[in-house]
Each structure stands twice: as structure tokens, then as C-alpha cells.
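First comes the structure, then the notes that go with it.
Throughout, numbering of the chain's residues begins at 1 and tracks the sequence.
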Amino acid sequence: MTSIGSPDSPGSPGSSDSPGSPGSRGSLRSLDGARALLADFPVVDGHNDLPWALREQVRYDIGARDIAGDQSAHLHTDLARLRAGGVGAQYWSVYVRSDLPGAVTATLEQIDCVRQLIERYPADLRGARTAADMEAARAEGRIASLMGAEGGHSIDNSLATLRQLYELGVRYMTLTHNDNVAWADSATDEPAAGGLSPFGHEVVREMNRLGMLVDLSHVAATTMRDALDTSVAPVIFSHSSSRAVCDHPRNIPDDVLERLPANGGVAMVTFVPKFVLQAAVDWTEAADENMRERGFHHLDSTAEAMKVHRAFEESNPRPVATASTVADHLDHMREVAGVDHLGIGGDYDGTAFTPEGLNDVSGYPNLIAELLDRGWSKTDLAKLTWQNSVRVLGAAEDVARAEQSRRGPSNATLEQLDG
């Protein structure tokens, strides 16, 4: 979830371009190759904020945003566009804002929304909790639907609450969102814990014991390093790009990427222009400040707030990223971490703006075509789209079985460990 035009907030979707539209360098032959590859090895996308968009737009009245029909006027996501994009598995974010009172209750409502979607569209969506479930959904031609909680505020400093989210199907938790939690520093807040506190390390250990993936998008680099020091299971970055290519604190430094092979984790490149194009970083800072000066929270996506934002954009045209911009990140991340440690996390319906050629969930073939044109092999692309992300969840399950054989649930508290 990104701020209006920046890190993680919902906004009006861009116009939907089909593969081969402006912004994609992919030749028609490469696009055909991309579609063929995705038919066999579809995209596992690490982060989609459709549940939050449904909360904000229609208060979970999913009939009012029936994704069985064309929702391009309102959303980045509907079933036809997921199919056109070659999506085979989706981690639906059960994000809630960190300043929202009753975050645990709101997270439960988000989980309920995902369950309603799965129940309403059984021919297209299959609930998934394991790597085997993901493979079964692929074999059936359905989209595996998993859940990720975005921000440790969703457990309210309670390991018991963490366990209950896992029981409800949540398979990753992002340790922070845009604000610190008491036990972990965020990338976009002032340092407080210095990374992970003692309780934060215990959260990571308990996630390992459960088989819940530790997601390091949004966290400070110090938190990334501390989590890698502690986790005995592979970690993920559900929607983050390369800091060396675009210097934004939400991106991953090279020294962290270099540690992924030893950990076994996966960094899932995101499409948010603010995180992939340096000129967009500067533009977004100005846009967010404009919102604050006019009395709006920078995450506000109401009609009145968006009117203010559109007026700013008319006077200050935003820089435009493309599928090629995202491919630049993947090229660099492959050089540093290796192709076995890359994935995709678009952040659709969690950002107001998207790159040309990646306007909505139908656009993934454009990125694959771009990579084919750059010489990526089909073997490497199969790892990027499907195999790496399935492997990492399976590896977390293996670690959990080993951890559960030697220790039970942790009942440690923040007060006990952090004082």
C-alpha cells in the first residue's frame, strides 16, 4: 500500500493498456513468447491491495465492484484482466493503515473480504495456504489466493494474535508499514528500535515456527539485516525494488540482496513509479506535501482528495515509468542476488499510478516480453514468475515442521523482552 502516487496507497487506476501497448518495448514475437511462458509458469504476485480498495470504495459490497465484470473504471484488478496477465497465484494484502484504531479488527475484516471473494468466484479463485495448494490451483487452471498482512501493527504486540492470523490463512506478515511498530523500525519513519528489538527478534522466530513468511518490504535496512540474522527460514520482500537503481528507502540495498542466496529468500520487484524511477521520487515528495498543505493525509483517496491531487498533476506532470524501467531493476537484482531469488509484487490497487505497459494486472506479459528481448532465458523467467515463490513458501513449511518438533508456541510479551 503506497501514498497517493508513492509508497502504497490506493487511488484511481490508470487506463488499461493491453500487452504490446506503448511503454512496452516487447516485440509481437516476444509477447507471444511471454504469453506462452505464462501459460505454463504463471505469475505469483506478492502484493495486491484489492481488499483495501473494496473497503475504501464500497465498504466490502463486492457486488458493487463485481470483478467478474470489467472494473477498469475503478480498479486495477478484475478476473478477466488477471487471466489476460497470466496470473496464477496472488497474495492478497490484508493491509490496514497503521494509524487506524482497532487495527486487529480491521485486519480480520480484510481477511473476511478475501474469503468472500474466494467463495463468490470458485471457478477462478482457489484458497491456498501451502505450496502444494498453489500447485494444485495451477493444475486446475484457477488462481491460487493467499493472504499477506501488511504491517506488524496488525498483531498489536501479541504473538497469540500472530498465531491466529496464521490459523486464518495469512502466510506472510510485513514487519512494518510506513510507521514504526514498538519492536521494529520502518523505512519511512525515524529510527527508534535500531532495527529489531528483542521482542522483534522473537516475532521473527515465532513466524519461523509457524511457517509464516517474514516480509521485509517497508522496513528499515537495519530491520532487514536484523531479520536476516535471526530468521532460519527464507524471507521475502513482497513488493520492493533495488535501491542502487532508484534511491528510495523502501527499496533494497545491495548488501541485503547479496545475503538472499544464503537465506534462500526472494525479492519481488514492485512497479510503483516512486520506487522504480528516481524522477518520480522527487515528484511524489512534492505531491504529498501539496496534499498536506491543503489539509489532507497523503494516503487520502477520497474524491475530494483526489481532486486536489489531480489539480497538482495538471500543473506538474508526473514522470512516467515503463516496463523497461522495472526491467532495469530486475537486471540489477539478478546480478546481485541471482535469478533464484527474484519474484514479482506489482502493488496493484495499492498505488495511484503505474508504469506504462504495466497499467493493471493484465500487463505482466509486457514485462516478460521486455526481459525476453533482453536475453532472459525461459528457464530463468519460469523461476521469476512461478518457481521461486512456490519454493520459498515450501521451504518455510519445512522449517516450521523442524521448529515445531523442538519447541512450542512462544508466550513472550513486549514488556518482558523490551522492558
Side-chain angles (χ1 to χ4, degrees), residues 1-2 8 10 13 16 19 34-35 37-53 67 75-95 114 117-118 121 124-128 131 133-135 137-138 142-150 170-172 174 213 215 217 236-241 265-272 275-276 323 326-327 329-330 333 341-351 354-355 357-368 371 381-393:
M1 181 60 59
T2 312
D8 309 329
S16 175
R35 294 188 185 102
L37 182 135
L38 291 171
D40 292 330
F41 299 100
V43 169
V44 180
D45 184 276
H47 196 89
N48 184 303
D49 278 298
L50 175 64
W52 183 258
I67 61 170
L75 300 166
H76 293 140
T77 307
D78 55 46
L79 294 175
R81 286 182 289 167
L82 286 166
R83 296 295 196 182
V87 177
Q90 181 65 68
Y91 279 93
W92 302 107
S93 176
V94 292
Y95 157 85
V114 174
L117 290 168
I118 294 167
Y121 308 108
D124 294 284
L125 305 180
R126 172 181 168 143
D133 289 343
M134 296 172 75
E135 291 289 8
R138 180 172 69 139
R142 292 195 284 173
I143 299 167
S145 292
L146 305 101
M147 289 184 281
E150 190 176 18
V170 174
R171 286 302 178 265
Y172 75 67
T174 321
L213 291 165
D215 178 22
S217 287
I236 65 165
F237 292 82
S238 66
H239 58 309
S240 294
S241 296
V266 171
M268 308 176 89
V269 69
T270 195
F271 301 164
V272 180
F275 303 152
V276 297
V326 176
H329 284 261
L330 282 168
M333 293 162 76
H341 303 285
L342 301 182
I344 296 171
D347 201 10
Y348 286 116
D349 284 308
T351 180
T354 54
L358 299 173
N359 302 73
D360 56 38
V361 296
S362 69
Y364 299 99
N366 281 333
L367 177 60
I368 303 308
L371 295 171
L381 289 169
K383 293 178 179 180
L384 172 73
T385 58
W386 181 262
Q387 293 171 340
N388 291 343
S389 295
V390 175
R391 171 187 56 78
V392 79
L393 182 58

dist L82:CG -> T77:OG1 (nearest 0.5 Å) comes out at 6.0 Å

Is T174 reaching over with its side chain to a backbone N or O of S217, donor-acceptor style, under 3.5 angstrom?
no

Value for CE (M134) from CZ (R171), rounded to nearest 0.5 Å, stands at 12.0 Å

Could you tell me the separation between the CG atom of N48 and the NE2 atom of H76, rounded to the nearest 0.5 Å?
9.5 Å

For the side chain of N388 and the backbone of K383, is there at least one donor-acceptor N/O pair under 3.5 Å apart?
yes

What's the verdict on side-chain contact (heavy atoms from CB on, under 4.5 Å) for F271 and H329, showing C-alpha distance, side-chain angles and the deciding distance?
CA-CA 10 Å; F271 301 164; H329 284 261; over 6 Å; no

Atom OG1 in T351, atom NE2 in H239: separation rounded to 0.5 Å?
9.5 Å

Heavy-atom side-chain contact between Y121 and R142 under 4.5 Å
no

So which heavy atom on A34 is nearest to which on P365, and how close?
CB-O, 3.5 Å

Salt bridge (Lys or Arg N to Asp or Glu O under 4.0 Å) with R83: which residues, sequence neighbours excluded?
D124

Nearest heavy-atom neighbours spanning V170 and A149
CG1-N, 3.7 Å

Minimum heavy-atom separation for A327 and L367, please, with both atom names.
N-CD1, 4.1 Å

Donor-acceptor pair, distance only, cut-off 3.5 Å: does the side chain of N366 make one with the backbone of Y364?
no

Is the shortest side-chain heavy-atom distance between D49 and D347 below 4.5 Å?
yes

On a heavy-atom basis, the closest approach of L75 and D349 is CA-OD1, 3.4 Å

Please determine, by modelled atom types, if S93 and W52 share a side-chain donor-acceptor pair under 3.5 angstrom.
no

Just by distance, with hydrogens left out, do Y348 and D45 show a side-chain donor and acceptor under 3.5 Å apart?
no

How far apart are the closest heavy atoms of A128 and L146, and which atoms are they?
O-CG, 3.6 Å

Y91 side chain reached by L213 side chain, heavy atoms, under 4.5 Å:
yes

If we count only N and O atoms by modelled type, under 3.5 Å, do the side chains of Y172 and H47 hold a donor and an acceptor together?
yes

4.5 Å side-chain heavy-atom contact, R391 and V266:
yes

Gap between atom CG of L125 and atom CD1 of I67 - 0.5 Å precision:
5.5 Å

Taking the side chain as C-beta and beyond, is there a heavy-atom pair between V269 and S241 under 4.5 Å?
yes

Could you walk me through whether L38 and V43 satisfy the side-chain contact (heavy atoms from CB on, under 4.5 Å) test, starting with their C-alpha distance in whole Å, then the side-chain angles of each, then the deciding distance to 0.1 Å, before giving a yes or no?
CA-CA 7 Å; L38 291 171; V43 169; 3.6 Å; yes

Contacts of Q387 that satisfy side chain to side chain donor-acceptor pair (under 3.5 Å) - sequence neighbours left out
none

Minimum heavy-atom separation for G265 to H341, with atom names?
O-ND1, 2.8 Å

Show, in sequence, the C-alpha distance, side-chain angles and deciding distance for R138 and F41, and conclude whether the side-chain contact (heavy atoms from CB on, under 4.5 Å) test is met.
CA-CA 9 Å; R138 180 172 69 139; F41 299 100; 3.6 Å; yes

4.5 Å side-chain heavy-atom contact, L384 and I344:
yes

One should read off an interatomic distance between L342 CG and M268 CE, to the nearest 0.5 angstrom, of 10.5 Å

Do the side chain of T270 and the main chain of S240 share a donor and acceptor less than 3.5 angstrom apart?
no

